[in-house]
Amino acid sequence: MLDINFIRNNPDKVKQAIDHKHENASNVDQILELDTQRRSLIHACEQLKSKRNEKSKEVSELKKNGHDASRIIEETKKIGDDVKSLEEKLKELEPQITNLLLRIPNIPAADVPIGKDASDNVIVKTWGQRKTFDFTPLPHWELGRMLNILDMERSSKISGSGFILLKGLGAKLERALYCFMLDLHTREHGYTELFPPFLVNRTSMTGTGQLPKLEEDMYRTATDDLFLVPTAEVPVTNIHRDEILSYKDLPIYYTAYTPCFRREAGSYGKDTRGIIRVHQFNKVELVKLVRPETSYTELESLLANAEKVLQLLGLEYRVAKLSTGDMSFAAAKCYDIEVWAPGLDKFLEVSSCSNFEDFQARRINIRFRDEDGKLRFVHTLNGSGLALPRTVIAILETYQQQDGTVIIPEVLQPYMREIKAITRQ
RNA sequence: GGAGAGGUGGCUGAGCGGCUGAAAGCGACGGUUUGCUAAACCGUUGUGGAGACAAAAUCUCUACCCCGGGUUCGAAUCCCGGCCUCUCCGCCA
């Protein structure tokens, strides 16, 4: 969330950000109005408390010297009642303000293109050569069925639509991919590997910003009020919640594999075929906690780390700098990586790399003490490195042969017991 | 699931309802001493909020001893609820 002081001093910037992000956000003027009320209540309340503390001390003195204190006790009781009534008003007001504050989006960075949606995103990079085929490339669901590695009919029998059942070398390819990604990021890019819980509590979900806005998109276990993680970002970023780190600890780089669970409420009818959009998918996530002054160079290197996966897999991709209208609520700047899927004849988003500046850190209260002993909020970043299903799609569709077999990219072969191709099983 | 014990500052650990934002020790930081290191000695050492100030520095007030309620003129301390940790038993991959 934003600092209330920042909103107070820069209401127009905040309003402009809301406008540019096309967010259905809280009313800034209303927040400021409530904030003014809040502060005057606090002031009045604290003055009364001060008076009460003084009187209590007098009582203590009088009693110690054996005098009667009943008159002052009566007076003080009255003050206590007034304090209580002011506190009740505050207790009503404060959650209102917090709730409104939680629905104000982050301010986009200065170099983010202003636009209304994805059509205003700017392609900043393309990598790889467009693969040409002397036959018509098939979509992955055809390949998956022919090779008997993907069974969408039976997965929907087990769980409903939008769930993946991988079989044989399909399952092995999946496992090879996330092992390869984790190895790359830990060995080459300096990330620490984590294996976090897959269920998290409400506080964690609120900390990273999935709640309160997106509760409808989350799977929740009713009896325990736990949520299935929609991304490893949630457990991993929350690791240092309410902590004060040392500047010596920074930067912190974490990577984690988790399944991701998303109800995809409201997206019915979109990308329904195959495994483009599913309720459960695997992902390797990259998370960074860094010093504020380094966060934008850290964003570039995080993006490069994610790109590296596709480069090593030999998959064509492009990088888009998201416009204000397409950016997420909490991001200050965001790049999407999109991989080319020849069978679908389109690009698919496989990673979203964002700098949240101190927006998440403020919500989640992660600070660090710098060399001067000052407390400052860290900047948080994250990105997929990468999401699995769409990477699988790109591999199957890019490396398909005329006979329907699929060549395994060389970097994955050591993870596949040196199998070089997936053939009909 | 049953029974018990416990949650105090960066850590260990005292704490009678008022003199406790909190003893003591450790650590960290600064200084003195020292050829260097160590040791010794001296000093500093929380955070949030509100207000004063143009702002910073600073100052004042207020809150915080797991969280939330309650009792009281006054709560780290008493009472109730919750969360978490540990031990034992049961169940279990």
Side-chain angles (χ1 to χ4, degrees), chain A residues 1-10 31-102 195-207 211 220-227 235 238-250 252 289 358 360-378:
Chain A
M1 66 177 142
L2 296 179
D3 186 357
I4 182 76
N5 288 305
F6 178 85
I7 299 177
R8 204 182 294 146
N9 296 326
N10 307 277
I31 292 181
L32 292 177
E33 165 62 29
L34 292 175
D35 176 56
T36 307
Q37 284 180 32
R38 174 181 146 266
R39 284 184 298 150
S40 75
L41 271 175
I42 288 175
H43 193 63
C45 192
E46 290 193 345
Q47 274 182 335
L48 284 177
K49 281 178 178 171
S50 179
K51 203 176 282 176
R52 181 177 65 181
N53 289 344
E54 260 172 55
K55 297 277 180 190
S56 288
K57 252 175 215 165
E58 276 181 51
V59 171
S60 165
E61 285 297 315
L62 287 172
K63 283 198 169 174
K64 201 158 56 180
N65 299 324
H67 297 299
D68 174 49
S70 51
R71 194 180 54 86
I72 298 190
I73 288 180
E74 275 311 305
E75 275 178 46
T76 316
K77 206 180 256 183
K78 173 85 175 47
I79 297 176
D81 292 342
D82 292 345
V83 167
K84 205 166 273 180
S85 84
L86 287 183
E87 276 181 341
E88 264 164 38
K89 279 185 203 160
L90 261 179
K91 223 170 278 170
E92 232 177 276
L93 197 55
E94 275 176 337
Q96 280 183 42
I97 295 174
T98 315
N99 265 323
L100 291 170
L101 221 44
L102 287 175
F195 192 81
F198 297 167
L199 279 86
V200 297
N201 57 32
R202 187 170 281 276
T203 312
S204 296
M205 291 289 275
T206 308
L211 302 181
R220 169 168 170 265
T221 66
T223 32
D224 299 299
D225 201 32
L226 292 172
F227 294 83
N238 272 284
I239 289 173
H240 295 292
R241 166 151 46 90
D242 291 322
E243 288 185 14
I244 296 174
L245 306 166
S246 162
Y247 67 94
K248 292 173 195 159
D249 299 329
L250 302 177
I252 292 174
L289 307 182
D358 63 5
Q360 276 183 333
R362 180 171 279 110
R363 251 181 205 244
I364 213 173
N365 196 23
I366 307 178
R367 291 170 297 172
F368 74 103
R369 206 176 284 283
D370 71 14
E371 291 87 337
D372 305 326
K374 271 198 182 161
L375 283 179
R376 305 166 65 190
F377 285 106
V378 301

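Chain letters run A, B, ... following the sequence lines, proteins first, then strands; residues in each count from 1. Computed from a predicted structure; not experimentally measured. Quick note: numbers below take in every heavy atom, side chains included, and nothing from hydrogens, waters or symmetry partners.
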If we call it a pair only when both distances are under 3.5 Å in a Watson-Crick or G-U wobble match, what pairs with G90(B)? none
With nearest nucleotides of RNA chain B determined for E54(A) and E74(A) from heavy-atom distances, which residue corresponds to the more 5′ nucleotide? E54(A)
Rounded C1' spacing from C29(B) to G18(B) in Å: 35 Å
Counting any heavy atom closer than 4.0 Å, what does K55(A) reach on the DNA or RNA strands: base, sugar-phosphate only, or nothing? nothing
Checking R39(A) against R8(A) for the side chain to side chain contact (heavy atoms under 4.5 Å, CB included) test, could you report, in this order, the C-alpha distance in whole Å, the side-chain angles of both residues, the deciding distance, and whether it holds? CA-CA 12 Å; R39(A) 284 184 298 150; R8(A) 204 182 294 146; 3.5 Å; yes
Of V59(A) and S50(A), whose nearest nucleotide on RNA chain B comes first from the 5' end? S50(A)
Pairing partner (Watson-Crick or G-U wobble, both distances under 3.5 angstrom) of A50(B): U60(B)
Does U37(B) have a Watson-Crick or wobble partner in any strand here, with both distances under 3.5 angstrom, and which is it? none
Nucleotide opposite U71(B) in a Watson-Crick or G-U pair, distances under 3.5 Å: none
Looking at every strand, decide which applies to I42(A) at a 4.0 Å heavy-atom threshold: base, sugar-phosphate, or nothing. sugar-phosphate
With rounding to whole Å, what would you report as the distance between G43(B) and A24(B) at their P atoms? 12 Å
Charged N-O contact under 4.0 Å between D370(A) and K374(A): no
With distance as the sole criterion, is a donor-acceptor pair present between the side chains of S56(A) and N53(A) under 3.5 Å? no
Evaluate I31(A) against I4(A) for side chain to side chain contact (heavy atoms under 4.5 Å, CB included), listing each step before the verdict. CA-CA 9 Å; I31(A) 292 181; I4(A) 182 76; 3.8 Å; yes
Does the pair E87(A)/K49(A) count as a salt bridge with the N-to-O cut at 4.0 Å? yes
Contact class for K91(A) vs. all strands (heavy atom < 4.0 Å): base, sugar-phosphate, or nothing? sugar-phosphate
So does E371(A) have more than 12 non-hydrogen atoms from other groups sitting under 6.0 Å from CD? yes
Ignoring hydrogens and angles, tell me if any N or O in the side chain of R363(A) forms a donor-acceptor pair with the backbone of T206(A) under 3.5 Å. yes
Regarding R71(A), tell me which of base, sugar-phosphate or nothing describes its non-hydrogen contacts under 4.0 Å with the strands shown. nothing
Pairing partner of A28(B) (Watson-Crick or G-U wobble, both distances under 3.5 Å): U44(B)
Using the P atom on both, measure A63(B) against A5(B) and round to a whole Å. 33 Å
May I ask you to say what T76(A) touches in the nucleic acid, namely base, sugar-phosphate or nothing, with a heavy-atom cut-off under 4.0 Å? sugar-phosphate
Outermost nucleotides of RNA chain B that come under 4.0 Å of a non-hydrogen atom of chain A: G18(B) to G74(B)
Report which part of the nucleic acid K63(A) touches: base, sugar-phosphate, or nothing (heavy-atom distance under 4.0 Å, all strands). base
For I79(A), report the nucleic acid contact type (base, sugar-phosphate, nothing); a contact means any heavy atom under 4.0 Å. nothing
How far, in whole Å, is G90(B) from G2(B) if one measures between their P atoms? 15 Å
Are D82(A) and K78(A) ion-paired here, with the side-chain N under 4.0 Å from a carboxylate O? yes
Looking across every strand, which nucleic acid part, if any, lies under 4.0 Å from K51(A) by heavy atom: base, sugar-phosphate, or nothing? nothing
Rounded distance in Å between the P positions of U37(B) and A76(B): 46 Å
Could you give the distance separating C11(B) and A3(B) at their P atoms, to the nearest angstrom? 32 Å
For nucleotides C65(B) and G70(B), find the distance between their P atoms and express it as a whole number of Å. 15 Å
Scanning all shown strands, the Watson-Crick or wobble mate of A55(B) with both distances under 3.5 Å is none
Assess the residue pair R220(A) and R202(A) against the criterion (side chain to side chain contact (heavy atoms under 4.5 Å, CB included)); give the C-alpha distance rounded to whole Å, side-chain angles, the decisive distance to 0.1 Å, and a yes or no. CA-CA 10 Å; R220(A) 169 168 170 265; R202(A) 187 170 281 276; 3.6 Å; yes
Counting only Watson-Crick pairs (N1-N3 plus N6-O4 or O6-N4) and G-U wobbles (N1-O2, O6-N3), all under 3.5 Å, who is the partner of U20(B)? none
Hunt down the Watson-Crick or G-U wobble partner of U85(B), both distances under 3.5 Å, from any strand shown, or write none. A5(B)
Provide the distance between the two C1' atoms, one in U33(B) and one in C41(B), to the nearest whole Å. 8 Å
